[in-house]
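What you see is a predicted model; the values in this text were computed from it and never measured. Letters go in sequence order (proteins before strands), and every chain restarts at 1.
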Number of protein chains: 2
Amino acid sequence: MVSFTDAKRVVDSALASGRLAILVGRCRVLYEGRAASKLSEGDRVLIVKSDGTFLVHQSKGMSAINYQGPGAAVATDAGEKELVVVARRKKAGGPAEKIEVHFESVAFADSFPMKDDASLRLFGSERQLSDLLMGDLHLIEPGLVPLKKESEVRKGTIDILAEDKKGNLVVIEVKRRTAELAAASQLKRYVDELSERKGRVVRGILVAPGVSASAHKMLDKAGLEFFKMDYEIGNPSARIKGLQKKQKELGEFA
Amino acid sequence: MVSFTDAKRVVDSALASGRLAILVGRCRVLYEGRAASKLSEGDRVLIVKSDGTFLVHQSKGMSAINYQGPGAAVATDAGEKELVVVARRKKAGGPAEKIEVHFESVAFADSFPMKDDASLRLFGSERQLSDLLMGDLHLIEPGLVPLKKESEVRKGTIDILAEDKKGNLVVIEVKRRTAELAAASQLKRYVDELSERKGRVVRGILVAPGVSASAHKMLDKAGLEFFKMDYEIGNPSARIKGLQKKQKELGEFA
DNA sequence: GCGATCAGCGGCACG
DNA sequence: CGTGCCGTTGATCGC
């Protein structure tokens, strides 16, 4: 058991010296900001990072039950009957936010210096798959050549803009997992905008490892296409295994 | 400093007895599964929950840099030069996943019993706002009456299905924050499906505290409408402040 | 700063 | 189990 004043000192000194503080104890939590929440008494882990990150974890589940992102101002108040740790934050364009953690007992409190200059190297992101695909557009369809990557249109960013052998513009949207309705709608937005701006037919191809039934139907109706893309991810690499044309030219492209 | 064998014991016994384990130390992390990642040496916090949840946190940022959800099988291996903690998991329909945390030193290791039966009560969710709105549809438009809430259609779930005074079906989609292109597309999917199934014109209203310019334009083009909804969130309540009709009947509904 | 999108999204609810 | 979608989404990138 840790006294409230000791626990307060741990958090205060951690904040002052850029260390990470960990508290474990019985507490209730109040949140008010973009939404509001109450969590009654229970044992939880509180992590306070030097950048203001504030995380309350319960005994189960992956997500913090209450949290505040980098930039939060953390204050402590040790009373007779409880220790209160408060995180306040004003996000740009949003309401003021506040989390109060009321500890009725603290089982553990300590802080740790955290030297860490490393950043994650991730393999298999959509962006990386899209890059790989750029060099292999002929696998999707002979004669398909890339025009531009990550082309900005008013309605978002087109993953790959290409041209087919007939000279048609082709919008390619890549998904790293099964494409659903939202992905089909997204592709349709790009194709609609581009076709309207160019005043001619624009093809659209959704490239993903799979597609949901209703997304596929929606593509059909809109004259858009789907290509199944398989890929393998190792460490440290990602590789597109091969592209199987599952469906071709559903619409007519004069 | 904690010995590798002691740290291993902490994790093993925590897993055996349903406690939550916390390790702090210098480590590198390897991940391979749906994607793959490498993170070189640095000081991190590892949390292992009794449900298999596995979280690696760096000194900054809100999100765990590597993680595994509930259900992961955690194993430890204390060697001469390092302590390895591995989490494995096979998600349904997904590839096998594995995280390896290689500790070269452990600054802290302990486990804690976590009694916690409380669950979060959240106020101001979209669902709640939608419920509030159901009782006040006349504020959006005189004569608007609710037909159904959370109505399932093939393409998703319609927040509120209503009927206007002319007998037109009205699909209402509620967003708790500024509506963007995706929200407009979502509404359009519902309206298109319903109008096709019913064989008659169906109105669609996007209700949100704001709307992006391009989303608004897209609504216009599709003959859909937008209503600005303001709300207040207190603890423990959420209240829709009042509805101002910002734009009415952009399309023609014979 | 707004806006659009990705995320190893996670989580939930419903078919 | 797939599918859709909300989330206090967070994080990123381009304008």
> Quickly work out the Ile233(A) CD1 to dA7(C) C1' distance and round it to whole Å.
13 Å

> Taking protein heavy atoms under 4.0 Å as touching, what does nucleotides 8-15 of chain C look like 5' to 3' if B marks base contact, S marks sugar-phosphate-only contact and - marks none?
BBSS--SS

> Could you walk me through whether Tyr31(A) and Glu97(A) pass the side-chain hydrogen bond (donor to acceptor under 3.5 Å, both in side chains) check?
CA-CA 8 Å; Tyr31(A) 162 66; Glu97(A) 309 219 62; 2.3 Å; yes

> So, do Met134(A) and Pro146(A) sit near enough that their side-chain heavy atoms are less than 4.5 Å apart?
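A side-chain contact exists here, since the closest heavy-atom pair is under 4.5 Å.
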
> Which atom names give the shortest non-hydrogen contact between Leu132(A) and Ala238(A), and what distance separates them?
CD1-O, 3.3 Å

> Under the side chain to side chain contact (heavy atoms under 4.5 Å, CB included) test against Arg44(A), which residue among Val101(A), Leu23(A), Leu39(A) passes?
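Result for side chain to side chain contact (heavy atoms under 4.5 Å, CB included) with Arg44(A): Leu39(A).
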
> Who pairs with Lys38(B) by salt bridge (Lys or Arg N to Asp or Glu O under 4.0 Å), at least two apart in sequence or on another chain?
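If we apply the salt bridge (Lys or Arg N to Asp or Glu O under 4.0 Å) test to Lys38(B), skipping adjacent residues, there are no hits.
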
> Taking the side chain of Thr178(B) as heavy atoms from C-beta outward, which of dG3(C), dC6(C), dT5(C) is closest to it?
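Of the options given, the side chain of Thr178(B) lies nearest dG3(C).
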
> Does Glu180(A) reach a base, just sugar-phosphate, or nothing at all? Heavy atoms under 4.0 Å.
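Base contact - Glu180(A) has a heavy atom under 4.0 Å of at least one base atom.
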
> Would you classify Gly156(B) as touching base, sugar-phosphate or nothing, given that sugar-phosphate means primed atoms plus P, OP1 and OP2, and contacts are heavy atoms under 4.0 Å?
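Counting heavy atoms under 4.0 Å across all strands, the contact made by Gly156(B) is with sugar-phosphate only.
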
> Side chains of Ile140(B) and Ile205(B): closer than 4.5 Å at any heavy-atom pair?
yes

> Can you list the residues that meet the salt bridge (Lys or Arg N to Asp or Glu O under 4.0 Å) rule with Glu32(A), with sequence neighbours excluded?
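For Glu32(A), no residue satisfies salt bridge (Lys or Arg N to Asp or Glu O under 4.0 Å) once neighbours in sequence are set aside.
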
> What is the first contacted nucleotide of DNA chain D and what is the last, in 5' to 3' order, if contact means an atom lying under 4.0 angstrom from a heavy atom of chain B?
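Nucleotide range in contact with chain B: dG4(D) to dA11(D).
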
> What's Glu32(B) touching, base or sugar-phosphate or nothing? Going by heavy atoms closer than 4.0 Å.
nothing

> Provide, to the nearest angstrom, the distance between the CG atom belonging to Leu129(A) and the C1' atom belonging to dC6(C).
12 Å

> Please classify the nucleic acid contact of Gln128(A) as base, sugar-phosphate, or nothing, using heavy-atom distances under 4.0 Å.
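No contact at all - Gln128(A) keeps every heavy atom at 4.0 Å or more from the nucleic acid.
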
> Could you identify which residues of residues 41-58 of chain B place a heavy atom less than 4.0 Å from some atom of DNA chain D, listed by residue number, or say none?
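The stretch gives none, as no residue of it lies under 4.0 Å from the strand.
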
> Could you go through residues 45-63 of chain B and list every donor-acceptor pair under 3.5 Å that involves a side-chain atom there, pairing it with any protein atom two or more places apart or in another chain?
| unit_1 | atom_1 | unit_2 | atom_2 | d |
| --- | --- | --- | --- | --- |
| Lys49(B) | NZ | His57(A) | ND1 | 3.0 |
| Lys49(B) | NZ | Gln58(A) | O | 2.8 |
| Lys49(B) | NZ | Gly61(A) | O | 2.8 |
| Asp51(B) | OD1 | Thr53(B) | N | 2.9 |
| Asp51(B) | OD1 | Thr53(B) | OG1 | 2.8 |
| Asp51(B) | OD2 | Gly61(A) | N | 2.7 |
| Asp51(B) | OD2 | Thr53(B) | OG1 | 3.2 |
| His57(B) | ND1 | Lys49(A) | NZ | 3.0 |
| Gln58(B) | NE2 | Asp116(A) | OD2 | 3.0 |
| Gln58(B) | NE2 | Ala118(A) | O | 3.0 |

> I'd like to check Leu194(A) versus Val202(A) (side-chain heavy atoms, cut-off strictly below 4.5 Å). Are they in contact?
yes

> Categorize Lys98(B) for me: base, sugar-phosphate, or nothing, with a 4.0 angstrom heavy-atom threshold over every strand shown.
nothing

> Check every strand shown and say whether Tyr190(A) touches a base, only sugar-phosphate, or nothing at a heavy-atom separation below 4.0 Å.
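Sugar-phosphate: the residue Tyr190(A), judged by heavy atoms under 4.0 Å, touches backbone atoms but no base.
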
> Answer yes or no: is there a side-chain heavy-atom contact under 4.5 Å between Leu181(B) and Arg189(A)?
yes

> Do you know the tightest heavy-atom contact between Gln68(B) and Ala87(B)?
CB-CB, 4.4 Å

> Nearest whole Å is fine: how far is dT5(C) P from Leu187(A) CG?
12 Å

> Find which nucleotide of DNA chain C each of Ala92(A) and Ala182(B) is nearest to by heavy atoms, and output the residue with the more 5' nucleotide.
Ala92(A)

> Are Leu187(B) and Val191(B) side-chain neighbours, meaning at least one heavy-atom pair lies under 4.5 Å?
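Yes; the side chains approach each other to less than 4.5 Å.
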
> Send over the distance from Gln186(B) CD to dT5(C) P, rounded to a whole Å.
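Rounding to the nearest Å, CD of Gln186(B) and P of dT5(C) are 14 Å apart.
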
